[in-house]
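Single-structure report; data block below.
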Amino acid sequence: MRRPLAIGILLFLLSTPVFGNVRLALDSTKVDFGSVSLTGSKNLVLEIWDTSSSDIQIDRLSVGGLNSGEFTVSAPFSTPFVVPAGAAHTKLTITFHPQGIGLRSAVLLIQTTDGTIAVPLSGIGGGHSALALSNSSIDFGKLAPGVYRDSVIMMYSTGADTATVTALEIVESDTSFSAQTISGEQTPFMLAPGDSVAIRVSFIATDLLGQKDGQLVVLGTQSSPTCTLTAIDSMGSFTIDPNVIDFGVMYAGEVKDTIAPIINTSDVDIAINDIAISPADGFSIIGPLQLPIVIPAGQSLQLKIQANPGYSTTNTAQLQVFSRSSSPNYHAGTLMASVIRPPLSVPDTQQVTYFCAVSSPIVASVSIVDTGAREVTVTGISAQGTKAGLVFDRSFPDTLQRGTSQTITVHFDPTAVAGDTLILQFMGGTQVMKADTLLLQRLTSIAATSVVATGIKDSVHASYDIRTAADMTPFDLRTIVVHLDVDDPNVATINRSSIALAPGLSNATISSIQPEANGYAITVTSTSSIASPSGSSLVTFDVDRYVSIQDSSLITAQIATPEKSGCLNWTVDTSSIAGAGVCGSSITRAVLSGHPLLMSAAIVNNPVESGEARIMVTTSSESDVHLELADDLGILRESSNIHCTPGQNAHFIDVSSIAAGAYTVRISSPNGSVVSLRLLKLH
């Protein structure tokens, strides 16, 4: 049953929507339009939908209440119409057009087959908007072509309502005047009552001389304030004074600075549009310059000029200045210098011999002398036609006092040098004062090694030595590393205590003997060059031979020179070691040497994940064996003695403090037998 209209009006007084049994939903409980100008209107959309499982018919839409004439409602369909069951929304458009100032209210009545819904409507009628400018006129004064001037004025919203600025226009003028907001706001934009915005008004003088007039017009919703604009286009003038700038006597590569004043001789600001030096060989402008440059009326631009002549360059040039703002618009001044040869002496050529591989830097020393009666400044050293990556032992610029000399040490990469020469150029500014040609000679040699057996000492011992096949003296070697290895330690081992330097190497010492897989790395060092003529002996050592009927082993020698890597090509040499020619088994090896036999050894928990490694050692009789743990660089990490009884003996190594990686465990018995194991630590 339909409810009477009077009931709907009564429900409006509650100021919240009343649904009763109506099964419709709304997206808003009330509709508030906010403030709207009396001369304007505002539309809002109210969405409704059916929350039931059956269609609901809307019979009538109407507006009632105190200010019902100021609110209207429209729907996409004429009433009556059906709101289908489900999620589909029907949109109602409500328009507020205030007729008075202050709070305005009404109620929207939606009459349906389920009953009537009352939705409160409200809005505020606003006052008129108004705009005003802080200045009614702007006089930009007199300007020369190419010069611009800015002025800032304020625009205010002075009305009771928000004002809309639709455009900023310049009328009754050429294109010399322009206007835009400083904040970059683009029209149209709005200003609330009491708010303001800054407007930049600009004048750019052109080649059309004379009086310029214009007007700034602000177009708004209620008012359009204006500002009168005036300016005068007038030519200026300038000069270069002095017209001739003489740097005096300079040596090639010397650097001097001076000031060339460009003077504005007129009563208007002028713009300098271009400055150049021709020819630009030996003279330059200290810059960079941000052109155009504005010179205020009666003032000057202090232009900084630098002279840096070379001996083959010209010693005169023109300073050329152009201005659109001036009549005449072009002036030229003369730059000049008297050039003499630089009082600097360096070697014309010198030979540099180097030993190391091409990846190592080369060092050269260059002596330079100031031969004149004045100081000379070297601003840098360059390498002609290469990217040698020069590094010096001093910083530049470097000044030599008259009559003095000094030595500069140069480091460079030989792989970046084109060919077998390097030309070092000593610079003064951007000019070359002197050049030194370095003739490069790379010293290399084949220094073959030889393992020479010098004799059998007894039935179980033999003596060996290491010999060189080239003279070591020219290479200035201070460190040599000899690697000795035995192929089969069951046939022979190297006697560590017998390792010694050969006679004649009194200026060298053995700094370390590090265990390797089946031998040793012997490091020989010296504070001076190791003197080892071709064919002479470096290192001597003994080999302990064991009992074998027909077995033999190989002993291998390899030499490295880390400090001259790549200069000497060492070969790897081997010699055969026969067993001690007597009958017997491997047990006899221990008997002959007078020591128990080290039968075997193994790492039980390899790879090692915990903090300790378990080593199982098997010997033939009671004895002490020696254990060493070393990393792949040969650095000793653990050294201890293990007392063994016949059979298996367990030993634990604490590895909790070493990094994850691969290590070598070396176990040796008093008779010289050795077992080497690889240990892998995971964590």
Side-chain angles (χ1 to χ4, degrees), residues 33-43 96-99 101 124-236 267-271 292 294 296-297 324-325:
F33 288 85
S35 178
V36 179
S37 173
L38 296 180
T39 59
S41 63
K42 185 176 182 179
N43 295 332
F96 174 45
H97 183 72
Q99 301 300 310
I101 296 175
I124 298 174
H128 292 280
S129 62
L131 294 169
L133 294 174
S134 60
N135 298 71
S136 60
S137 64
I138 300 174
D139 184 1
F140 289 92
K142 186 187 294 186
L143 287 87
V147 179
Y148 71 91
R149 186 170 294 166
D150 292 338
S151 182
V152 177
I153 62 173
M154 301 300 297
M155 178 171 60
Y156 302 96
S157 176
T158 58
D161 197 8
T162 297
T164 300
V165 179
T166 58
L168 300 176
E169 292 186 357
I170 301 293
V171 296
E172 300 176 7
S173 171
D174 57 17
T175 58
S176 299
F177 297 99
S178 63
Q180 61 181 0
T181 61
I182 291 180
S183 58
E185 291 165 310
Q186 300 297 314
T187 56
F189 60 88
M190 302 179 72
L191 282 179
D195 283 355
S196 62
V197 65
I199 300 176
R200 177 185 290 111
V201 185
S202 303
F203 174 73
I204 302 177
T206 67
D207 294 333
L208 298 175
L209 306 180
Q211 179 73 35
K212 299 298 177 68
D213 298 295
Q215 188 178 52
L216 168 64
V217 178
V218 179
L219 300 179
T221 52
Q222 293 295 323
S223 60
S224 298
T226 63
C227 178
T228 301
L229 309 175
T230 57
I232 299 174
D233 273 353
S234 177
M235 278 293 184
D267 62 350
V268 294
D269 298 350
I270 63 170
V294 175
R324 282 183 50 209
S325 310

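Residues take their numbers from the sequence shown, with the count starting at 1. FYI, side chains are in, hydrogens and waters are out, and symmetry mates aren't considered; it's all heavy atoms of this structure. Keep in mind that what you see is a predicted model, and the values were worked out from it rather than measured.
Note that the OG atom of Ser224 and the CD atom of Glu169 stand 9.0 Å from one another [nearest 0.5 Å]. Atom OG1 of Thr164 sits about 9.5 Å away from atom CZ of Phe189, to the nearest 0.5 Å. Between the OG1 atom in Thr175 and the CD1 atom in Ile170 there is a gap of 11.0 Å [rounded to 0.5 Å]. Between the CE atom in Met154 and the CG atom in Asn135 there is a gap of 10.5 Å [rounded to 0.5 Å]. Atoms CG and OG, on Leu229 and Ser176 in that order, are 11.0 Å from each other to the nearest 0.5 Å. Here the CZ atom belonging to Phe203 is positioned 12.0 Å from the CG atom belonging to Asp150, to the nearest 0.5 angstrom.
Ser325 places a side-chain N or O within 3.5 Å of a backbone atom of Ala271 that can act as its donor or acceptor partner. Formation of a donor-acceptor pair under 3.5 Å by the Asp269 side chain with backbone atoms of Ala297 is found in this model.
Under the side-chain contact (heavy atoms from CB on, under 4.5 Å) rule, Ser151 has a single partner from Ile138, Asp139, Ile199, which is Ile138. When each of Val201, Leu219, Val218 is tested with Leu168 by the rule side-chain contact (heavy atoms from CB on, under 4.5 Å), just one qualifies, namely Val218. If you run side-chain contact (heavy atoms from CB on, under 4.5 Å) between Pro225 and each of Leu131, Leu216, Thr158, only Leu131 comes through.
Pro98 and Gly125 make their closest contact through CB-CA, 3.7 Å (heavy atoms, listed as atom of the first residue, atom of the second, distance). Heavy atoms only, all atoms of each residue included: Lys142 and Arg149 are closest at O-NH2, 4.1 Å. Phe96 and Gly34 get closest at one heavy-atom pair: CE2-O, 4.3 Å. Summarising the geometry of Phe140 relative to Ala231, their closest heavy-atom pair is CB-CB, 3.8 Å, with the distance given to 0.1 Å. Nearest approach of Asp233 to Leu209, heavy atoms of both residues: CB-CA, 3.6 Å. Nearest approach of Ala163 to Ser157, heavy atoms of both residues: CB-OG, 3.9 Å.
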side-chain contact (heavy atoms from CB on, under 4.5 Å) between Thr187 and Thr166, worked out: CA-CA 5 Å; Thr187 56; Thr166 58; 6.0 Å; no
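Using a 4.5 Å cut-off on side-chain heavy atoms (C-beta onward), Val165 and Glu185 make no contact.
Heavy-atom contacts from other residues, nucleotides or ligands closer than 6.0 Å to CD of Gln211 number more than 12.
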